[in-house]
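For reference, the structure discussed in these notes is given below.
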Amino acid sequence: MLDKNFVRENLDFVRERLGTRGGDYSLDELVALDAEWRQVLLRSEELRRQRNEASEQIGKLKKEGQDTSAQQSRVKAISNEIKSLEETLRRLEEKLNTLLHSIPNLPHESVPVGLDESANAEVRRWGSPPYFSFHPMDHVDLGVSLGILDIDRAAKIAGARFALLCGTGARLERALIHFMLDVHTHEHGYREVLPPFMANSASLFGTGNLPKFAQDLFRVEGTDYYLIPTAEVPLTNLYNGEILDGATLPQKFAAYTPCFRSEAGSYGKDTRGLIRQHQFNKVELVKFADPATSYDELESLTRDAEAVLQRVGLHYRVVALCTGDMGFSSAKTYDIEVWLPSQNRFREISSCSNFEAFQARRANIRFRNATGKKQFVHTLNGSGLAVGRTWLAILENYQQGDGTVLIPEALRPYMDGLERIAPEGS
RNA sequence: GGAGGAAUGGCCGAGUGGUUGAAGGCGGCGGUCUUGAAAACCGUUAGGGGGGCAACUCUCUCGUAGGUUCGAAUCCUACUUCCUCCGCCA
């Protein structure tokens, strides 16, 4: 959510920045509504002042035993007028908020301008694609032939876009979670958190998922609970409504959670394999930062996520998303994309963003700065990493000509020293 | 699931219809005293919104949302959360 006073006072700038995302956001209507709202507010507060004065008078007169019925009926009339103005205010606020809540964040000045992913800018690359002297399989064929992935039974249990990992496959997933958390907590200074896997609507509003993107979420029927689409939701809302001590910033949290997404609107996309699932595991990194250093924090957050890929030896690149390709709440986003031999291209495995004060304003997360003033924090988050996509990238990149898969050395301590995944019985 | 109890400022805690945005204490901050510190003493210390260049000023907020009243922290209703007991349960 943008600051409506900022929008009013910097209308041309806001219009220009939002324009780079492509889209029309009714800024003139917003400003007009705001002007009307402030006018009505002023009038209703003036009436309240009159009412407060008169009521106090009545109290005094009554103590002296005087008759106050004339004054009482006058105040009654004022109260009625206040009530009707309040109704108007409520209506205006609702319209105002509907508009305000649907406007995305302003892209940072360093973000490449463009309307779709073709304008994204590659920032750097690490490693190189593996060389195969044979025709490499994709992770589905590999997983099924090794007996560690069962898509058919997952479909029987739940449906499409679910997976069942078995034996060493399940073990590898668990090892990855464990490994990633260890890297971030031991080496990068994040505090581990195990949050609820459901969150209420206020939390989803705070991160910007609601009200605009309800169709992407699974809601628990008859309740205010939603299955979290990412640990960003519970982690960012950790400090919902709080005022932090500025000296404690930045604060860094890491959490493993499953993530649940309806994937409405992605029918036909990535239907094969584990790339796009209704449920997947992710280790998420979240930071609460001082605005003065939040862009440095974005750089280090991205490096923290990259470190995991480097440790397991997977080829990747970092891409700065362009204005039109960024998410609703983000001011700047780096995607980390891992190399997938079966697709002969890079695929997203992490997304690292600085939301500046956009989420903090929605979730009311502030800090007291060095001068004692309250300020909104900047929130950041990034996947560190998507576990399912790491799992499948390892299978594809480490497959051998004999159909087995080598386990990257960094993971072996988490797999009882196992060096290679060989076919196992169901 | 059943029966009770509770929710007030950073914390504890008073307050059952009229200068109570809120006593008192603790904590924090500033000062006096001291070689320094402690103690003592004095002062100060909630958040949101509007208007104003500013000084400043108005308004809202005592879990949340409504209601009664000239006037609500205080009375009524619903909801939320927490605590105690009973039942059930990993």
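What you see is a predicted model, and the numbers here were worked out from it, not measured in a lab. Below, read A as the first sequence line, B as the second, and so on, with proteins coming before strands; counting in each chain starts at 1.
Within the nucleic acid shown, A:Arg361 has no heavy atom closer than 4.0 Å to any nucleic acid atom. Using a 4.0 Å heavy-atom cutoff across all strands shown, A:Ile58 reaches at least one base atom of the nucleic acid. Counting any heavy atom pair closer than 4.0 Å across all strands shown, A:Lys60 reaches no nucleic acid atom. In this structure, A:Asn5 reaches the sugar-phosphate backbone alone: every heavy-atom distance under 4.0 Å involves primed, P, OP1 or OP2 atoms, never a base. At a threshold of 4.0 angstrom between heavy atoms, the contacts of A:Arg366 are confined to the sugar-phosphate backbone, with no base atom among them.
Considering all non-hydrogen atoms of both residues, A:Leu149 and A:His139 come closest at CD2-O, 4.1 Å.
Separating the C1' atom of B:U44 from that of B:A54 is a span of 24 Å, rounded to the nearest Å. Here the separation of B:A7 from B:C56, taken at their P atoms, is 37 Å to the nearest Å. For the C1' atoms, the distance from B:G27 to B:C33 is 22 Å, rounded to whole Å. With both ends at atom C1', the span from B:A23 to B:A73 equals 14 Å, rounded to whole Å. Rounded to a whole angstrom, the distance from the P atom of B:G47 to that of B:C42 is 25 Å. Nucleotides B:U59 and B:G5 place their C1' atoms 36 Å apart, quoted to the nearest Å. With both ends at atom P, the span from B:C82 to B:G30 equals 38 Å, rounded to whole Å. The P atoms of B:G9 and B:U64 are separated by 10 Å, rounded to the nearest whole Å.
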How is the base pairing of RNA chain B summarised as a dot-bracket string, given the Watson-Crick and G-U wobble criteria with both distances under 3.5 Å, [ ] for crossing and | for another strand? ((((((((.[[[..)..(.....]]]((((((.......))))))((((((....)))))).[[[[[..)....]]]]])))))))....
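Classification of A:Arg272 and A:Asp141 as a salt-bridged pair holds, one side-chain N sitting under 4.0 Å from a carboxylate O. Under the 4.0 Å criterion applied to side-chain N and carboxylate O atoms, A:Arg261 and A:Glu263 are not assigned as salt-bridge partners. Between A:Lys287 and A:Glu297 there is a salt bridge, with a side-chain nitrogen of the basic residue lying less than 4.0 Å from a carboxylate oxygen of the acidic one. Using a cut-off of 4.0 Å between Lys/Arg side-chain N and Asp/Glu carboxylate O, A:Lys156 and A:Asp152 are scored as not salt-bridged.
A:Phe218 has its ring centre no less than 6.0 Å from the ring centre of A:Tyr226. A:His108 and A:Tyr295 have their aromatic ring centers within a separation under 6.0 angstrom.
Exactly one of A:Thr379, A:Asn237, A:Asn381 qualifies for a side-chain hydrogen bond (donor to acceptor under 3.5 Å, both in side chains) with A:Gln359. That residue is A:Thr379. Partner A:Arg311 forms a side-chain hydrogen bond (donor to acceptor under 3.5 Å, both in side chains) with one of A:Glu187, A:Glu409, A:Glu306 and no other, that one being A:Glu187. Of the residues listed (A:Leu18, A:Val14, A:Thr20, A:Asp12), the one engaging A:Glu16 in a side-chain contact (heavy atoms from CB on, under 4.5 Å) is A:Thr20, and it is the only one.
Of all nucleotides in RNA chain B, those with any atom nearer than 4.0 Å to a heavy atom of chain A start and finish, going 5' to 3', at B:G18 to B:G71.
Counting heavy atoms from C-beta on, the side chains of A:Ile58 and A:Gln71 come closer than 4.5 Å.
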Donor-acceptor contacts under 3.5 Å from residues 250-257 of chain A side chains, at least two apart:
unit_1	atom_1	unit_2	atom_2	d
A:Gln251	OE1	A:Tyr239	OH	2.5
A:Gln251	NE2	A:Thr248	OG1	3.0
A:Lys252	NZ	A:His188	O	2.8
A:Tyr256	OH	A:Asn281	OD1	2.9

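Residues from residues 72-82 of chain A placing a heavy atom under 4.0 Å of any atom in RNA chain B, listed by number, are A:Gln72, A:Val75, A:Lys76, A:Ser79. Contacts of residues 236-248 of chain A with RNA chain B (heavy atom under 4.0 Å): none. Contact check of residues 92-103 of chain A against RNA chain B (heavy atom, cut-off under 4.0 Å) returns no residues at all.
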Could you go through the side-chain contact (heavy atoms from CB on, under 4.5 Å) check for A:Arg219 and A:Asp224 one step at a time? CA-CA 8 Å; A:Arg219 182 174 188 169; A:Asp224 189 42; 4.0 Å; yes
Walk me through whether A:Val377 and A:Arg366 qualify under side-chain contact (heavy atoms from CB on, under 4.5 Å). CA-CA 5 Å; A:Val377 299; A:Arg366 292 169 293 171; 5.8 Å; no
I'd like to know whether A:Asp34 forms a salt bridge (charged side-chain N to carboxylate O under 4.0 Å, His left out) with A:Arg8, so could you lay out the CA-CA distance, the side-chain angles of the two residues, the decisive distance to 0.1 Å, and finally the verdict. CA-CA 9 Å; A:Asp34 180 52; A:Arg8 185 177 70 228; 2.7 Å; yes
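Taking a 6.0 Å sphere around CD of A:Gln39, one finds it holds 12 or fewer heavy atoms contributed by other residues, nucleotides or ligands.
The cationic atom of A:Arg362 (NZ for Lys, CZ for Arg) lies less than 6.0 Å from the six-membered ring centre of A:Phe205 and within 45° of the ring axis.
When the nearest nucleotides of RNA chain B are assigned to A:Leu41 and A:Arg368 by heavy-atom distance, the more 5′-ward of the two goes with A:Arg368. Residue order along RNA chain B, read from the 5' end via each residue's closest nucleotide, puts A:Asp34 first among A:Glu53 and A:Asp34.
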